[in-house]
Every structure is written in structure tokens, then in C-alpha cells.
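Everything on this sheet refers to the single structure shown next.
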Protein chains: 4
Amino acid sequence: MTDRPLRADARRNRERVLAAAQEAFAAEGLSVPLDEIARRAGVGAGTVYRHFPTKEALFEAAILDQVEKITAHARDLTTADDPGTAFFEFLEQLVLQGGVKRDLADALRANGGDYPRTVSRDLEAALATLLSRAQQAGAVRPDISVGDLLTIIKGIFLAAHDAGATPGLRERTFAVMTDGLRTSR
Amino acid sequence: MTDRPLRADARRNRERVLAAAQEAFAAEGLSVPLDEIARRAGVGAGTVYRHFPTKEALFEAAILDQVEKITAHARDLTTADDPGTAFFEFLEQLVLQGGVKRDLADALRANGGDYPRTVSRDLEAALATLLSRAQQAGAVRPDISVGDLLTIIKGIFLAAHDAGATPGLRERTFAVMTDGLRTSR
Amino acid sequence: MTDRPLRADARRNRERVLAAAQEAFAAEGLSVPLDEIARRAGVGAGTVYRHFPTKEALFEAAILDQVEKITAHARDLTTADDPGTAFFEFLEQLVLQGGVKRDLADALRANGGDYPRTVSRDLEAALATLLSRAQQAGAVRPDISVGDLLTIIKGIFLAAHDAGATPGLRERTFAVMTDGLRTSR
Amino acid sequence: MTDRPLRADARRNRERVLAAAQEAFAAEGLSVPLDEIARRAGVGAGTVYRHFPTKEALFEAAILDQVEKITAHARDLTTADDPGTAFFEFLEQLVLQGGVKRDLADALRANGGDYPRTVSRDLEAALATLLSRAQQAGAVRPDISVGDLLTIIKGIFLAAHDAGATPGLRERTFAVMTDGLRTSR
DNA sequence: GATGAATGAGCATTCATTCAT
DNA sequence: AATGAATGAATGCTCATTCAT
């Protein structure tokens, strides 16, 4: 009667693959060989492909969690009383949250042309709202687009990843960015 | 038997390789195949390896020139009358100069490994002077280190390259950065 | 515990697999992945293997039906009044019947290996009768054996499949074959 | 002064690869793994790719020799006095020449849609001339196109390959084909 | 010294077959 | 018995590096 007879195993494996992928992608970005991920997950390469049709798909799935949380947060702040505060709070959350996310950097690459544009659509939309409200409220310089903003964030991720564990670096980098984004007086 | 000026030949080859490498790396970053560089230089792959033990070594060498010029420029500005102006002028030169320098981005990377940390020593020193003078003059926020600054520049390069030919993006990004670097009023 | 008519279920499954295999093989030949057949049949790959030890075995089984029908037809015509007409009518039926039978082509292949030589024994026998009667009646050239004939039919199938949907091609090819088979005058 | 210093080696290898490819393709058609060819040639896979950019290219090259000879022969016969004899002589040469050519069969596949259409262009042209002259001379049935003819030849190759070494089979098959092609009286 | 040919490990992806549930 | 998940060997192709000439 229980209607998940052996799915349990598959789900376990799927999650192991996903976990391995998240870890690997977070640490090294898209360049991790898929076989490596399979090995870390303790499964054959074929198993990875059973769950994810493509390396790209695996990557998107590995990112999805993070992006969804971030997006949800952005949406919440969309209706905040103080658009300026909301905007900067969001950025702080995004940029300073977890560890160094090489994968997020790769995810945001999209613009250039090829990769996981899919994933970030909603996030981009929410961020656009956040940004324009903050601009209308006079809290953020008006000459900046969402694209610009994403590029800047991307840059911070990439650079911060490369810079490794330098203490306080992300915070200071973030401070420069936010100050640069405020309406110049 | 013939006693030709071999050294001259060798030097010429080295320079052709270097030039080809610079061009190729600037356009596409580290990912250019070495064979491609050899072909563009009109030499065999073996010749590249005679002069540079490794693709990495070639890359560092290809960057060196640029970095040296930039460094020289930084040193010149070190004694300028207006430290604030000098500082920002330098940044503008660095960030907005030629096309998208994918190689510089790649060059400023790599601390996880071991890469061009070597290369940029002198540049870093000159930039340190430029920065601290500008800070002492009250033109630049005091909570920023040279490392922070390099990270930020790196980020702009990487992100801008990925963003491709988006018009005005580098300029706006640059504006955010500079405004963020100024002493907050 | 439940004592369901398992055999019936199994038989149903076997037939669904077979039907799916026939359809798939007819359309694309041996190259269809077994998983695809399982999916079309609505069963798991394991089930396919329970009924057929090997992809090859499944293929032979999938062909068997058709071959048996063809064989039956051949046997019927064996006693026809006009052996010449019977022979050519049979060929027409065989070659021009349904769509392009990629599977029949693949079936008639494979002697290099070991394949359906098995399958076609009876067909070959019936066809032999048909042929020799037609030859004795003076309607078909006498220098041709059943093996030759099968090879020629095989060739038409293979070539026609590769040629795709070229209109009229099978008909013209067939015409050449039949004219070539008639007693030369 | 001799201006082929080490080309000798390369040429030798290229030829070994080509020879291995010809043998392998002739025996098994396009399906032979490229690595297998490399192994038979005693070289690494990379070496094969140095000489031929693609498996397809290697295949075309392996066929080229044969096709060129055949084409040359066809062209010669284009101006023969007796178009009918010329046509059938050509077919005989083509179909009965060497051993079983699985590769030629694959080469003629083109129609279906994807493969080495390139190679056979000239052959097709020459054959077209041969055919239409023979048709105008009343030696060959008028309802047949070059495409039909190529399909038929293709079929004979494929079928003959599958039929293996059956003695006289190709000859009899060929006889049926030629008789079927003659103007019916 | 230079050449460019050869190597071979590496990569993403597919698929027949096996096996735990 | 059935399921469908897992396996792992293949496959076409790329590229840093080595080496015979």
C-alpha cells in the first residue's frame, strides 16, 4: 500500500549526487568533471545521467535551492515599507550569506550568452522590482539597470572566490559596492 | 656548420610567440589552446615549449608586459600633485583602457593556485602608494586595502568580460566602483 | 499472498513488449535502444529481460510474427494454378506491402553473425517451392536459387530504407527486380 | 636541401591510418570505432585526428581512392561508341570488382540524408551521363533515374556483404539487376 | 635549436545488461 | 514477477606535453 517501494534508494542516490554536485560546483564552478561528481557521490556516471539529463541540468539543479531561497527573500522584500533599506538588505543577504559560491558566480554568467539563463529569470525579475522601487525612493542611483547590478554581483563573487579566505574582504568589497550604488549627493 | 646568429632567431621567435599569446589571451583568456597560439605565431608547438616550460608560464610572460606598463604608469602618478585625482585617473586608465582584457582578469585571479601573484608584486606596491596617498589626502575611504582594491578590479574585469559587449556597462560599473571608493560624505 | 493469475499478467506484458518492439524495430531497425522499447511498452527494462534474454532475442521474436504471416502467404500460393503469377504476386506482397520495414531488412541481414537464419527457415522452404514451381513453369529464370532471391529482396529493403521517402522508388526498384527475374526472351 | 625532413614519418603514419581505416571500413562499414582503427594502425587516437579532422572525414578519405578510380572509369566510358555496352560494362566493373565493400555501401547511403554526399558527386554525374546515353540508345529502360540506379547498387552491396562469401552470388545478383535494367521487349 | 607529429589522459554522453527492492 | 535504478564500458573528440627528426 505504501506507494514508494524502492524509490527510497533512488531518492537517496539522487540526493547524494545533488549534494556532491553542490559541493563540487560551489568549490570549483562548472569546470568540475561530471565523472568526479559521480565518484564523490559514490555512483557510476550513468546514475548521474539517470537523474539529470545533462551536466548543465545538474548544475542548474545544484543551484536551484540557493536561487529559490534568494528569490523568495527578494520577493518578500518587494513590499517592504522602506524600499532603500529593503534593497540593501537584500544585497547583503545575497552577497554575504554562505561561503564562497563559485557556482553562483557561474550561474549568473548567463548574460555572456550560453548558460543557465533559465534559473535566474525569477530572481532577476524580483531584483528588478527591488531596484526600481529603491531608485524611485531616491535611495539608489538612477543610472543603473538590473543587468548592471547582476554583473557587479557576479564580479564580486568571482573575485571573492579567487581571493580565497581573506578575512573581511567580502564585507569591505560589499561596502564599496553599496556606497557606490547609493544616490550621490 | 653554418654559424648563423641563432640567438637572434631564437629571440625573434620568442617575441612572436609572446605577441601571439598576448593577442590570443587578451581575446579569449586562458582557454585558448596552446597549439592555436603556436599557429598564430607561425611556429611549432615545440618552439613554444622551448621558450616557456608550461602554458602557465607563457601566460604569465604574456601578461608581464601589460602589467609592467601599468605598473610604470602607477609609479609615475605616485608623485602627482593631486593624489586623489591621480588615483582615480589610474583606475580609469586601468579599467577602461583597451578592449576587454580577458587575460588581465585571468591574471588577477588565481590565488587558489599560485599564478600571477608573482607578476603583480610591483604593481601592487605602486598601487599601495597611490592608494594610501589618496587616502591620506581624504579622497578615498580609509577602510580599504590594496588587496581589496585589486579584488574589486579583478571582479570588474571578470564580470565585464562575461557580460560581453553590453554597451556602457564597463563605464557604469566603473562609476559605481569609484563612487564607492570615495570618502563617504 | 494474493493468488492472482500471474501468468496472465506476464503474458500480457510479453505481448505489450513484443508489440512495442515490432513498432519500434519496424520504424528504426535494430538501433532503437531497449529502454525506449520498454518505455513504449509501459514496462520496466527488467521486464523485457525477463521475457527475452537479449536484445537480439527480442528482435528475432519481434520479427517472427511477420515472418510467419509471410510464410503462411507463401505456403498458400504454393498450390496456386499459375506458378508464375503466384510467385510474382508473392514478391509484390512482400516487397511493396506496408511502410518501409527497417526491421525486415535488419532481419534478413546477419549471416556474418548468427541472427535470424533461424527465423527464416520455414519461409525459405516455402519460397523455395514457389520459386522452383515458377522456374519449372518457365516464368522465372532457372539460374537463380532461393538464397539469391533472398539476398536480392534483402538488398531492396536495405536500400529502400536508406533512400527514405523517395516517391516511387520502391516500385521502380521492384520492377527492375521482377523483370530481371523473368525468363529472358 | 631536401625539403621533406620529417614528413616521411608523418606520411607513413597517415598511410598506416588510412590503410587501417580502409581495411576496417571495408570489412565493417562506418560502425568501426575510431579507436579501433587507431589501434590497428598502431597509433594513438590523437594521431588519427591530426590527419583527419573527423571520423566522417577519415571515412571519405578511405573511400576516395576507390571512388576516384570508379569515377575515372565511368568518365572514360562516357564517350564509348556503344552506350549500352559501356553502361553495362561499367556496372560490372563497379559491382563485381574487388572484394565485398561494406564501406562503399555506406558511402552510397548519402540519399537518406546525412553522410558522405561529397565524395560521390562526381561519380553520380558521370553515371548520369552513362545512364542517359544508354537510355537514349534504347539499351536501358527509360523509367529509371540515377538515384534509382544508385539505390539498387547500394542494395546489392549491402545484401552481398551480409550474404558473405556465397560463391557466384554477386554474379547472379548482378545478372538479375542488369537484365531488369534492359529495355523490356 | 626548431618542427610539428605523436601521445594519451580526459571529457560529456549513451546504452545493453544486472540487481536490489 | 516486475520494476526501474545502477553500472560501466564505449564513443567521438580535444589538448597539454613529449620527442623523433
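Note: hydrogens, waters and symmetry copies are ignored here, and every other heavy atom, side chains too, is used. All chains are named by letter (A, B, ...) in the order of the sequence lines, taking the proteins before the strands, and each is independently numbered beginning at 1.
Distances shown here put a side-chain N or O of Arg50(C) below 4.0 Å from the OP1 or OP2 atom of dA2(F). Residue Thr47(A) places no side-chain N or O under 4.0 Å from the OP1 or OP2 atom of dA5(F). OP1 or OP2 of dA6(E) has at least one side-chain nitrogen or oxygen of His51(D) nearer than 4.0 Å.
Salt bridge Glu15(B)/Arg12(B): absent, no basic N to carboxylate O contact under 4.0 Å. Looking at Glu28(D) and Arg40(D), a side-chain N of the basic residue comes within less than 4.0 Å of a carboxylate O on the acidic one, giving a salt bridge.
Nucleotide dA16(E) holds its C1' atom 17 Å from the CZ atom of Arg39(C), rounded to whole Å. Between the P atom of dC13(F) and the CD atom of Glu36(D) lies a distance of 16 Å, rounded to the nearest Å. Remark: P of dA16(E) and CG of Leu58(C) are 11 Å apart, rounded to the nearest angstrom. Note: CZ (Arg11(C)) to C1' (dA2(F)) measures 17 Å, nearest angstrom. What separates CZ of Arg14(C) from P of dA1(F) is a distance of 13 Å, to the nearest Å. Rounding to whole angstrom units, CD of residue Glu56(A) and P of dC11(E) are separated by 18 Å. Straight-line distance from the CG atom of Asp9(A) to the C1' atom of dA6(F): 10 Å, rounded to whole Å. Residue Phe52(B) contributes atom CZ, which lies 18 Å from atom C1' of dT18(F) at whole-angstrom precision.
Looking at Glu60(D) and Val67(D), their side chains never come closer than 4.5 Å, going by heavy atoms from C-beta outward. In this structure the side chain of Phe25(D) never reaches within 4.5 angstrom of the side chain of Ile63(D), judged on heavy atoms. Gln66(D) is listed as a side-chain neighbour of Asp103(D), based on a closest heavy-atom distance under 4.5 Å. In this structure, Leu18(B) and Leu64(B) have side chains that are not in contact, with every pair of non-hydrogen atoms separated by 4.5 Å or more.
Paired regions of DNA chain E, where each region holds three or more successive Watson-Crick or G-U pairs whose two hydrogen-bonding distances fall under 3.5 Å, are E:2-21 with F:2-21.
Residue Leu34(D) places its side chain closer to dG12(F) than to any other of dA12(E), dA6(F), dG12(F). Here the nucleotide nearest the side chain of Thr54(A), chosen from dC11(E), dT13(E), dA16(F), is dT13(E). Checked against dA2(E), dG12(F), dG4(E), the side chain of Ala45(B) finds its nearest nucleotide in dG4(E). Checked against dG12(F), dA16(E), dG4(F), the side chain of Pro33(C) finds its nearest nucleotide in dA16(E).
Residue-to-nucleotide proximity on DNA chain E shows that, of Asn13(D) and Tyr49(C), the 5′-proximal contact is made by Asn13(D). Heavy-atom nearest nucleotides on DNA chain F were determined for Val43(C) and for Gly46(D), and the one closer to the 5' end corresponds to Val43(C). Of the two residues near DNA chain E, Asp35(D) and Gly44(D), the one whose nearest nucleotide lies more 5' is Gly44(D).
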Distance-only check: which donor-acceptor pairs under 3.5 Å involve side-chain atoms of residues 45-54 of chain C, not counting sequence neighbours?
none

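When all heavy atoms are compared, the tightest approach of Leu30(C) to Lys55(C) is O-NZ, 2.8 Å.
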